[in-house]
2 protein chains.
Amino acid sequence: MNLRDLALELGLSQTTVSRALNGYPEVAEATRQRVSDAARRHNYKPNTRAKALATGRAMAIGHVIPLAAQTEMVNPVFADFIAGASETYMSNGYDIVLSVTKNEDEARVYLDMAAKRMVDGVIVQSPTADDPRIALLKKVGLPFVVHGRAADLPDDYSYIDVNNKRAFQRGTEFLVDLGHARIALINGRESLGFANRRKAGFIAGLKARGLTPDPALMLSDEMTEGYGYSAMRTLLSLAHPPTAFICSSAIIAFGMRRAADEAGLRLGQDISLITYDDDLSYFKNGDDEMIFTALRSSVRTAGRCAAEMLIDLINEPDIPRQRMMEAELIVGRSTGPARPNGTIYR
Amino acid sequence: MNLRDLALELGLSQTTVSRALNGYPEVAEATRQRVSDAARRHNYKPNTRAKALATGRAMAIGHVIPLAAQTEMVNPVFADFIAGASETYMSNGYDIVLSVTKNEDEARVYLDMAAKRMVDGVIVQSPTADDPRIALLKKVGLPFVVHGRAADLPDDYSYIDVNNKRAFQRGTEFLVDLGHARIALINGRESLGFANRRKAGFIAGLKARGLTPDPALMLSDEMTEGYGYSAMRTLLSLAHPPTAFICSSAIIAFGMRRAADEAGLRLGQDISLITYDDDLSYFKNGDDEMIFTALRSSVRTAGRCAAEMLIDLINEPDIPRQRMMEAELIVGRSTGPARPNGTIYR
DNA sequence: AGCAGCCTTCAAAGCGCTTTGAATGGCGTG
DNA sequence: CACGCCATTCAAAGCGCTTTGAAGGCTGCT
């Protein structure tokens with residue numbers, strides 16, 4: 001069933017039917033009623049492609065999910081982000097066009113999406129410090145919102161980000177204030193903006209409390225459970241192991257906890273751990289009582305906001321939209337005061 | 001830059017340019033060369049919407065990601081599945097249109113996708129025993145491949161599935177053969193086909209070895225880390241706790257392990273645990289040595305296959321494509337012989 | 001009665017592509 | 001030299017929708 005058929009059946013012109021369905025004022029109320037009844041009866045929905053072609057709006061947003069370098073893993077964070085964004089799109093009539101690509105192909109994907117006019121805007125994930133995609137998208141004039149920020153670029157594009165630096169500074173200071181003097185950072189890949197800022201916050205936190213960062217206590221890699229486990233083992237095997245840890249994802253934290261358990265160390269008593277927590281649905285950090293003391297900011301909420309900002313931007317370009325979220329520091333059972341002698345064993 | 005501009009610049013008709021770019025034979029080789037050079041120079045890509053309208057093929061596949069009932073969580077399994085499918089789509093020129101919806105809206109989403117002609121086919125996730133979507137999609141004539149199977153429906157549609165029943169039967173028998181007599185099943189929601197079959201396999205495995213299933217040892221819920229943890233605690237607090245466990249996802253397994261650790265029990269020694277393992281990228285079950293003894297089948301591979309099957313189906317409907325994958329049983333460190341007296345403490 | 005002016009409806013053009021059917025030119029052949 | 005044939009190229013229609021500009025039918029006014 002297409003518009004022509006519907007118009008024919010109703011004995012009306014396509015113009016009138018189209019207008020009736022799209023809520024234009026110049027249609028008699030009785031006619032509109034008749035039309036929308038018929039449309040519902042036949043489950044008529046305008047052909048997206050034709051509509052997009054005629055209006056020049058695709059009513060679709062492009063999301064590009066990056067595969068981790070080499071390993072080609074896909075971070076579960078993106079699933080929750082998209083779920084959040086989707087709520088916004090749904091109520092605004094937008095669809096999601098998804099592309100999963102290796103980092104080196106991303107620029108081409110955006111270029112293609114722009115040239116093929118298949119989306120009205122895109123979300124850029126995981127920007128690097130000097131991300132080339134930003135200049136590229138500006139050049140081709142495709143509206144975009146960055147999830148995160150590019151460190152070294154002028155601040156004139158739209159983004160939504162968490163204040164990662166402040167969060168990690170706060171977390172670090174919290175640990176120092178508990179008496180911990182040797183604190184380790186188990187970070188994501190530091191080529192990415194968020195990890196870079198977390199490291200900066202970590203260092204700032206130590207310095208603010210008069211401590212000197214120790215490079216041996218700052219690790220960085222893809223944020224898997226296995227990495228958390230092996231990082232923790234490595235750190236615990238040091239001659240003078242840290243007594244507190246701050247890590248970049250709940251998934252890492254679970255791996256770290258596994259290593260700690262194996263070593264017979266109790267979180268919150270023998271050692272302390274703070275994790276960044278994206279509030280992923282399948283990794284809830286405790287429903288009632290928090291397992292981990294955490295710096296929490298929901299990535300799902302971020303997705304919802306990013307989508308809102310992008311739709312705004314599409315309707316009224318030129319003014320960049322920017323939004324900064326603060327992570328909450330929620331105290332859970334994984335942190336406690338340091339032992340007076342600075343060791344980890346009871 | 002569109003086709004008309006390009007044709008104008010080249011002094012050719014749109015027809016010729018279009019044919020040159022689409023590899024039709026009736027174009028002189030020199031002309032084709034000239035055209036494709038110009039196209040590359042201007043980064044010309046045909047407008048997807050226009051092309052789709054003209055050809056009647058959207059060159060897009062719909063994926064619907066279901067949100068868990070009530071909680072609206074999104075299972076990380078889908079991220080990996082899509083990553084797999086995406087590999088296939090990429091090399092065949094298909095795009096992914098994503099929709100994230102609550103279960104009760106799914107039927108409407110498919111109906112819309114069909115009516116709006118925005119996709120050439122869809123993937124159906126997480127079918128229930130008597131899934132209404134299958135009949136619906138047949139009725140509207142939209143090609144589809146189901147990831148999983150609907151238990152109670154005739155076997156005349158396309159699907160890719162893992163032999164869940166056999167896998168769980170095998171795993172259960174493996175545990176019994178190690179001497180375990182009280183074995184618990186920590187399953188996903190049993191309204192879903194896969195969980196249902198796993199339960200059947202579990203029961204079959206027990207019966208094949210002469211054991212009687214105990215309803216108190218069969219739990220079922222959304223497959224989160226937190227559920228694994230609380231399920232394990234519940235089971236361990238029984239008067240006569242199980243000595244072996246088989247669970248439906250690596251994420252559950254991590255939660256179970258946490259509870260075991262807290263209770264001072266060692267996997268593979270005091271208690272045994274087998275997990276189903278979708279081989280999710282961020283939850284690798286050990287790179288070298290397996291943490292968990294596992295029934296493994298890569299959901300990413302499943303995604304790749306599903307996509308291939310769907311593309312086949314689109315090109316040649318009518319013949320349903322069906323594919324069954326077997327899970328490997330890989331022995332890791334989480335299983336060991338039962339203690340002679342049937343207890344869990346050393 | 002005649003006319004302006006509104007309300008409602010319509011025919012047709014256009015979005016950017018593919019594809020049909022026709023036209024052009026160069027070539028070999030009788 | 002005329003003819004037909006093949007290799008190229010083209011103009012135009014059509015995909016299903018929106019939207020412009022025009023027209024038809026009423027009303028109310030003079």
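Numbered from 1 within each chain, the chains take letters A, B, ... in sequence-line order.
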Would you mind building the protein contact string for nucleotides 13-19 of chain C? One character per nucleotide, 5' to 3', B for base within reach (heavy atoms under 4.0 Å), S for sugar-phosphate only, - for untouched. -BBBBBB

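Look at B/Arg34 and B/Asp37 and you find no salt bridge, because none of the NZ, NE, NH1 or NH2 atoms lies under 4.0 Å from a carboxylate O. Ion pairing of B/Asp120 with B/Arg57 is absent here, as no side-chain N (NZ or NE/NH1/NH2) approaches a carboxylate O to less than 4.0 Å. Salt bridge absent: A/Glu308 and A/Arg321 never bring a charged side-chain N and a carboxylate O closer than 4.0 Å.
With sequence neighbours left out, the ring pair (Phe, Tyr, Trp, His ring centres under 6.0 Å) criterion links A/Tyr94 to no other residue.
Put simply, CD on B/Glu26 is 14 Å from P on C/dG21, counting in whole angstrom units. Look at CG on B/Leu12: it is 7 Å from P on D/dT9, rounded to the nearest Å. When the P atom of D/dT8 is taken as reference, atom CG of B/Leu10 falls 17 Å away, rounded to whole Å.
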For a side chain to side chain contact (heavy atoms under 4.5 Å, CB included) check, start with the C-alpha distance between B/Glu106 and B/Asp131, then their side-chain angles and the critical distance, and finish with the verdict. CA-CA 11 Å; B/Glu106 271 205 50; B/Asp131 204 298; over 6 Å; no

